[in-house]
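The next block holds one structure in the form of structure tokens; read it before the comments.
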Protein chains: 2
Amino acid sequence: MESPLPAASRRLAATAAAPLPDLPAGSRRVILETALHLFAERGYSGTSIRDIAKACNLQGPTIYSHYPSKEHVLAELVRIAHDEHLRRVRTALLDCQPDPREQVAAYVRAHVRFHTDFAMLAVVGNTELHMLSPDLGDPIFQVRKQSEQTLMEIAQRGIDRGVFHVPHAWLAVAAIGGMGLRVAFWFSADAGIPAKTVADSYADFALRILGAARNS
Amino acid sequence: MESPLPAASRRLAATAAAPLPDLPAGSRRVILETALHLFAERGYSGTSIRDIAKACNLQGPTIYSHYPSKEHVLAELVRIAHDEHLRRVRTALLDCQPDPREQVAAYVRAHVRFHTDFAMLAVVGNTELHMLSPDLGDPIFQVRKQSEQTLMEIAQRGIDRGVFHVPHAWLAVAAIGGMGLRVAFWFSADAGIPAKTVADSYADFALRILGAARNS
DNA sequence: GTCTATATGAAGATAGAC
DNA sequence: GTCTATCTTCATATAGAC
């Protein structure tokens, strides 16, 4: 009954971030990676430009040589998060047989692996997206919508073909998405459960939720 | 394929909070309910004492006649959230047959109804708990742990009796908890799906995850 | 690219009058 | 219980030197 949860007072369990995908070079990169750690742990509003600079061994105003505002730093992180999530989901589906069961399993494995492999990015992307002004946030909401719609379409297609059996498709999709999102908060690479185990298990859970479990 | 999600830039869909349980009277109550709305939408760090006061038609320092600090306001909200969650889960189990399937269904219905009926309280309780100093946060983490352990014990008991069939009990419990948590962000009393439908559906999803679906 | 100096405002919190 | 006045620190951001 030992639980692999983060230490009580921490917001998430992960301590190291996987190398960011789609990353700028040089100082921008250092700033971005440092901001990621701070935003993940203390939140966007709870982190100051000076905090980020200090953790980079820079003076506060130096940040402004690389980003026009703190909001732009957040926006780039949140954009990278959503782009990478969508990219992984789409790639997974390209490798897939046209069977909705395979597609759901592939989607959920990719979804969960994103949340294990980029836990900090996922936490920031999900908890701070709404802090962005419409100007910076709206394009990212569009990306998010595409990821969500993709799963909804797979589910609906499976229901139409009689492969899935669930009274309310949207609720099933919301549940599957939600359980995956939460992984970013408790998953830790060092502690306990391998990412692949989580991904495979959640893929199985998703199929069970949709009434199409391979093992039943 | 219409989705009942919150307007793009909002953090959660709920606009009104159910009357808070376990509530103080008078000005403390007004302050608490106002802070709840602001913390839910903008976060604890994104809300100032002056914001709260202004929304109460008070001057900033007046808050300090009722609470010693902003952190104490948050602490009371987070405590109420966790106490009410635990109380509901426990009450639901008292009305229950000793069958693990019934117990899981009762737990999840109570869990989900907490997140629909007190969406703002749930959002603040879950996203801002880690902002509290150990002094104020630790007792609340204890309450949280009790809720989590309760579901884990039910699941383990069902597995031991051969009623549930799932390779990794802890992952199943994490998935069930996580999908319920997420409900607080998208649920809206006015829009679309009744709370009872969500609760019943998620109870069914939980049983499916545990390999004990009543409908399969 | 990074620094120091600085402008301007807002933060949490206290003192003390009414 | 609520107010005004205020303290101190910190916030984002800019200007301009090196």
I'd like to know if the side chain of Arg11(B) and the backbone of Ala40(B) have a donor-acceptor N/O pair within less than 3.5 Å. yes
Would a line drawn from the ring center of Phe114(B) to the ring center of His85(B) be shorter than 6.0 Å? yes
Check whether any side-chain N or O of Thr197(B) sits under 3.5 Å from a backbone N or O of Ile193(B) as a donor-acceptor pair, and report yes or no. no
Write down the distance between CD1 (Ile49(A)) and C1' (dA10(C)), rounded to a whole number of angstrom. 16 Å
Length of the line joining Glu71(A):CD and dA11(D):C1', which is rounded to integer Å: 15 Å
Closest to the Ser27(B) side chain: dA11(D), dT6(D), dT2(D)? dT2(D)
Tell me the interatomic distance from Gln59(B), atom CD, to dC18(C), atom C1', rounded to whole angstroms. 15 Å
Within this structure, what is the CZ-to-P distance between Arg29(B) and dG1(D), rounded to whole angstrom? 16 Å
Non-hydrogen atoms of Ala175(A) and Ile209(A) that approach each other most closely: CB-CD1, 4.4 Å
Check the distance between dT2(C)'s P and Arg28(A)'s CZ and give it to me in whole angstrom. 13 Å
Which of residues 61-70 of chain A have a heavy atom under 4.0 Å from DNA chain D? Pro61(A), Tyr64(A), Ser69(A), Lys70(A)
Nucleotide dA11(C), atom P - distance to NZ of Lys54(B) in whole Å: 10 Å
Touch check for Ser45(B), heavy atoms < 4.0 angstrom, all strands: base, sugar-phosphate only, or nothing? nothing
From dG12(C), dA11(D), dC3(D), nucleotide with atom closest to Ser48(A) side chain: dA11(D)
Tell me the bend of the helix from dG1(C)-dC18(D) to dC18(C)-dG1(D) as the angle between end helix axes, each from five pairs, rounded to the nearest 10 degrees. 10°
Counting N and O atoms only, with roles assigned by atom type, does the side chain of Arg28(A) sit under 3.5 Å from a partner on the main chain of His66(A), one being a donor and the other an acceptor? yes
Test your reading of the model: is there a side-chain donor-acceptor pair from Tyr44(B) to the backbone of Thr127(B), 3.5 Å cut-off? no
Rounded to whole angstroms, how far apart are CZ on Arg50(B) and C1' on dG9(C)? 11 Å
Could you list the residues that satisfy side-chain hydrogen bond (donor to acceptor under 3.5 Å, both in side chains) with Arg87(A), not counting sequence neighbours? Glu84(A)
Give a yes or no on whether the backbone of Ala122(B) and the side-chain of Asn126(B) come within a donor-acceptor separation of less than 3.5 Å. yes
Among Val78(A), Leu74(A), Val123(A), find the residue that satisfies the side-chain contact (heavy atoms from CB on, under 4.5 Å) test when tested with Phe39(A). Leu74(A)
